[in-house]
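Chain A is the first sequence line, chain B the second, and so forth, proteins listed ahead of strands; every chain is numbered from 1.
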Amino acid sequence: MRWSRSFIPTLRDNPADAEFRSHQLLIRGGFVRQLAAGIYSYLPLGQRTVLKIIRIIRDEFDEAGAQEFFLPALHPADLWQETGRWADMGENMFRLKDRFGRDMCLGMTHEEVFTEIARKEVRSYKDLPQIWYQIQTKFRDEARPKSGLLRLRQFIMKDSYSFDVDRAGLDRSYDIHHQLYCRIFTRCGLKFVAVEASSGAMGGSQSEEFMVRTEAGEDFVVSCACGYAANLERAVSRLDKISDEPSSGEPRAVSTPGQKTIAEVADFLKVPPTHQIKSLVYIVADKPCLLLVRGDHQLNEAKLMAAARTVLVRPARPEEIRELFGADAGSLGPVGVRNLPILADPELQGRSNMTCGANKDDFHLQGVTPGVHFKAEWADLRAVQAGESCVQCGKPLEIYKAAEVGHIFKLGTKYSQSMGAVVLDAEGKQVPIVMGSYGIGIERILSSAVELYHDDDGIIWPASIAPFSVIITPVNYKDAVKAAADRLYDELRTAGIDVLLDDRMERPGVKFKDADLIGIPYRVVLGAEKLSKGQAELFNRATRQTELIDINTVPSVVRERLQAGGIR
RNA sequence: CGGGGCGUGGCGCAGUUUGGUAGCGCGUACGGUUCGGGACCGUAAGGUCGGAGGUUCGAAUCCUCUCGCCCCGACCA
């Protein structure tokens, strides 16, 4: 492309409402423009980058024998009603009615539609396994779109689905995807880690997320030098045993006027938070439930969802708590509770002589021993905290922010069962298809690459997803320099290299600044003086190193560099 | 949904407290001088001040309502 004829609207100033570097640079560099909250237009430069990413994904999926589909974005409600997700998706689903008043929605994901095809067309185990994928626009009415292109309401997703006759087949399809994802993210130049994840409302047994470490992300990864890595929603750790004074007899009530928080009670009764029981009331699938964690621990709602096998959880409202316990939050405890289930974190198991609320305002109980003074069902509920010991090696755990660029799930038969997608197996028995579901967020690759690779001057694209591989910058686009630039431009294009020729009548400084901003990996600078000696400058955007090379060798050197970086 | 911030030429901002009919920088167009890291001089175009209603002789400015965007939280297959 010739810059003079391209639409690359770069900006000198950062847009006022962009906070993260990726967001600022993608707008300043003329890659994207915002249309509405969480909805962006991809300008030519952005689109080129998106297409590069998509090409890598297609390349890998096709190579692995997966087949590309293109499914509707507009779905009839009844399909989603079959799996119950019409209700489960709640506010996050864009819903509309057609002219006849029929309920429709915009697809957030495509398990239902793909399963619909499978149940109609796939009859026999001989038709399996299948891996079907598509690259398509998804819609989610996020409560709060944010972080530029990291959390969108309309976004492009590669979603794929595996169909197998049994669990072993699913395991294989899942492993194929795991490998594919590693190859794809590596080819996109990302530094990433695969972590254990919680499957949330998707259902299913096992899932892993592919995470890129960045402050712009919204997930937390718990990781250890030994290789252990998990989403905070799923992570576990090892804690030191706490020795308790043996408790004698029944719990005793003590007056704690106005002492509500763990910290206040710790101060007032001289009982450290580790020796207190934190009592929380949640409404789980419309039923109240008492949740217990150690005083210094935090409840993780994703773990609660996993334990309760429902996504329908919320904290109880103050009036609900009052009605259930006859006391307010801050004076609650498990002792004597009969009217609702109690779920307790295992860190309370085996403890004794603890302190908790008395279910009477301004009173607490001391000398409480879990398992003796109350019975509970045990379930991991607490969030791991940085510095706790790794379960694998005992070293301290680190917690950092990350963006989820991909997620793979073993779904099992949740969808095939509810939708009646069955095949005959080798024994002639009807069995539900065993499914997997796998997603990659295209814009998330785009923005996390920028988060990962930029400097004060702009973006530093990994060559594999850069909108152009090379930019030719003639210092002055005239006379011999112009002729040389034009010739080089033709040569590079002929060599099949994506090249941008900055043929604008701009001062050199402007061209350099713009080239830095849009992040083209290699820049060939042509100036009259060097050219008269038959030389060109090859500038590496990432290292900022310039080398003088014979102008005639530019195409071969550039091609060599790109190939060394894994391009083409 | 709760809390906070912001909407003024294409972009970044001032002006709002104390009402008097809109300004700066960048960008854009034209002319000229420049030309290896966002040049300089001159000229010019471009804004119903997010929208509606109200108060007032007069509203970017005060009041009411409303729409939008950003941030924190809630939420997030």
Could you tell me if the ring centre of A/F31 sits under 6.0 Å from that of A/H23? no

Among [options], which is the nearest nucleotide to the side chain of [X]?
{"X": "A/L11", "options": "B/G38, B/G36, B/C11", "value": "B/C11"}
{"X": "A/F539", "options": "B/C35, B/A74, B/G37", "value": "B/G37"}
{"X": "A/V510", "options": "B/G37, B/G36, B/G38", "value": "B/G38"}
{"X": "A/N92", "options": "B/C76, B/C35, B/A74", "value": "B/C76"}
{"X": "A/F512", "options": "B/A74, B/G38, B/G36", "value": "B/G36"}
{"X": "A/A37", "options": "B/C70, B/C76, B/G38", "value": "B/C70"}
{"X": "A/D13", "options": "B/C11, B/C76, B/C35", "value": "B/C11"}
{"X": "A/P508", "options": "B/C69, B/C35, B/C76", "value": "B/C35"}
{"X": "A/D514", "options": "B/C76, B/C13, B/G38", "value": "B/G38"}

In whole Å, I'd like the distance from the [atom1] atom of [X] to the [atom2] atom of [N].
{"X": "A/L280", "N": "B/A74", "atom1": "CG", "atom2": "P", "answer": "14 Å"}
{"X": "A/H23", "N": "B/C70", "atom1": "NE2", "atom2": "P", "answer": "7 Å"}
{"X": "A/Q535", "N": "B/G36", "atom1": "CD", "atom2": "P", "answer": "18 Å"}
{"X": "A/K533", "N": "B/G36", "atom1": "NZ", "atom2": "C1'", "answer": "14 Å"}
{"X": "A/Q24", "N": "B/C69", "atom1": "CD", "atom2": "P", "answer": "19 Å"}
{"X": "A/L150", "N": "B/C71", "atom1": "CG", "atom2": "P", "answer": "11 Å"}
{"X": "A/N14", "N": "B/C26", "atom1": "CG", "atom2": "P", "answer": "18 Å"}
{"X": "A/E19", "N": "B/G5", "atom1": "CD", "atom2": "P", "answer": "15 Å"}

Could you work out the separation of [N] and [M] based on their [atom1] atoms and round it to a whole Å?
{"N": "B/A29", "M": "B/G4", "atom1": "P", "value": "45 Å"}
{"N": "B/U43", "M": "B/U61", "atom1": "P", "value": "33 Å"}
{"N": "B/C26", "M": "B/C70", "atom1": "P", "value": "29 Å"}
{"N": "B/G27", "M": "B/C11", "atom1": "P", "value": "15 Å"}
{"N": "B/G2", "M": "B/U18", "atom1": "P", "value": "30 Å"}
{"N": "B/U17", "M": "B/G51", "atom1": "C1'", "value": "24 Å"}
{"N": "B/U28", "M": "B/C63", "atom1": "P", "value": "40 Å"}
{"N": "B/C69", "M": "B/G32", "atom1": "C1'", "value": "43 Å"}

Using Watson-Crick or G-U wobble geometry with both distances below 3.5 Å, tell me the partner of [N], or none.
{"N": "B/G38", "value": "none"}
{"N": "B/C13", "value": "B/G23"}
{"N": "B/G73", "value": "B/C1"}
{"N": "B/U64", "value": "B/A52"}
{"N": "B/U43", "value": "B/A29"}

Using heavy atoms to find the nearest nucleotide of RNA chain B for A/A528 and A/K138 separately, return the residue whose nucleotide is more 5′. A/A528

Which residue lies toward the 5' end of RNA chain B, A/R504 or A/K146, if each is placed at its nearest nucleotide? A/R504

Candidate pair A/R544 and A/D516, rule side chain to side chain contact (heavy atoms under 4.5 Å, CB included), full reasoning: CA-CA 10 Å; A/R544 298 201 140 273; A/D516 285 346; 3.3 Å; yes

Under the side chain to side chain contact (heavy atoms under 4.5 Å, CB included) rule, what do A/D141 and A/E91 come out as? Steps first, then yes or no, please. CA-CA 7 Å; A/D141 196 0; A/E91 303 262 69; over 6 Å; no

Heavy atoms only, 4.0 Å cut-off, all strands: where does [X] land among base, sugar-phosphate and nothing?
{"X": "A/P9", "answer": "nothing"}
{"X": "A/K511", "answer": "nothing"}
{"X": "A/M93", "answer": "nothing"}
{"X": "A/D17", "answer": "sugar-phosphate"}
{"X": "A/S147", "answer": "sugar-phosphate"}
{"X": "A/R317", "answer": "nothing"}
{"X": "A/A36", "answer": "sugar-phosphate"}

Verify the contact: side-chain N or O of [X] to OP1 or OP2 of [N], cut-off strictly under 4.0 Å; return yes or no.
{"X": "A/R144", "N": "B/C72", "answer": "yes"}
{"X": "A/R12", "N": "B/G38", "answer": "no"}
{"X": "A/Q34", "N": "B/C70", "answer": "yes"}

Show your working on side chain to side chain contact (heavy atoms under 4.5 Å, CB included) between A/Y438 and A/Y174 and close with a plain yes or no. CA-CA 9 Å; A/Y438 318 88; A/Y174 183 91; 4.0 Å; yes

Report the relative orientation of the aromatic rings in A/F114 and A/F163; use parallel for angles under 30°, tilted for 30 to 60°, perpendicular for over 60°. tilted

Using a distance-only criterion (donor-acceptor N/O pair, under 3.5 Å, no hydrogens), is the base of [N] paired with the side chain of [X]?
{"X": "A/E537", "N": "B/G36", "value": "yes"}
{"X": "A/D516", "N": "B/G37", "value": "yes"}
{"X": "A/R28", "N": "B/G38", "value": "yes"}

Validation row: A/S223, A/V193 side chains within 4.5 angstrom (heavy atoms): no

Does the side chain of A/S162 come under 3.5 Å of the side chain of A/H177 through a donor N or O and an acceptor N or O? no

Taking atom types as modelled, find out whether A/S418 and A/E82 have a side-chain donor-acceptor pair closer than 3.5 angstrom. no

With A/Y181, which of A/H407, A/E209, A/E60, A/K158 fulfils side chain to side chain donor-acceptor pair (under 3.5 Å)? A/K158

B/S/- along nucleotides 29-34 of chain B (protein heavy atoms under 4.0 Å) is -----B

Looking at every heavy atom in both A/M211 and A/E404, which two are closest together, and how far apart are they? SD-CA, 3.6 Å

Please lay out, stage by stage, how A/R541 and A/Y453 fare under the test side chain to side chain donor-acceptor pair (under 3.5 Å). CA-CA 11 Å; A/R541 177 68 182 86; A/Y453 309 113; over 6 Å; no

Without swapping roles, check the side chain of A/D503 against the backbone of A/R2 for a donor-acceptor pair under 3.5 Å. no

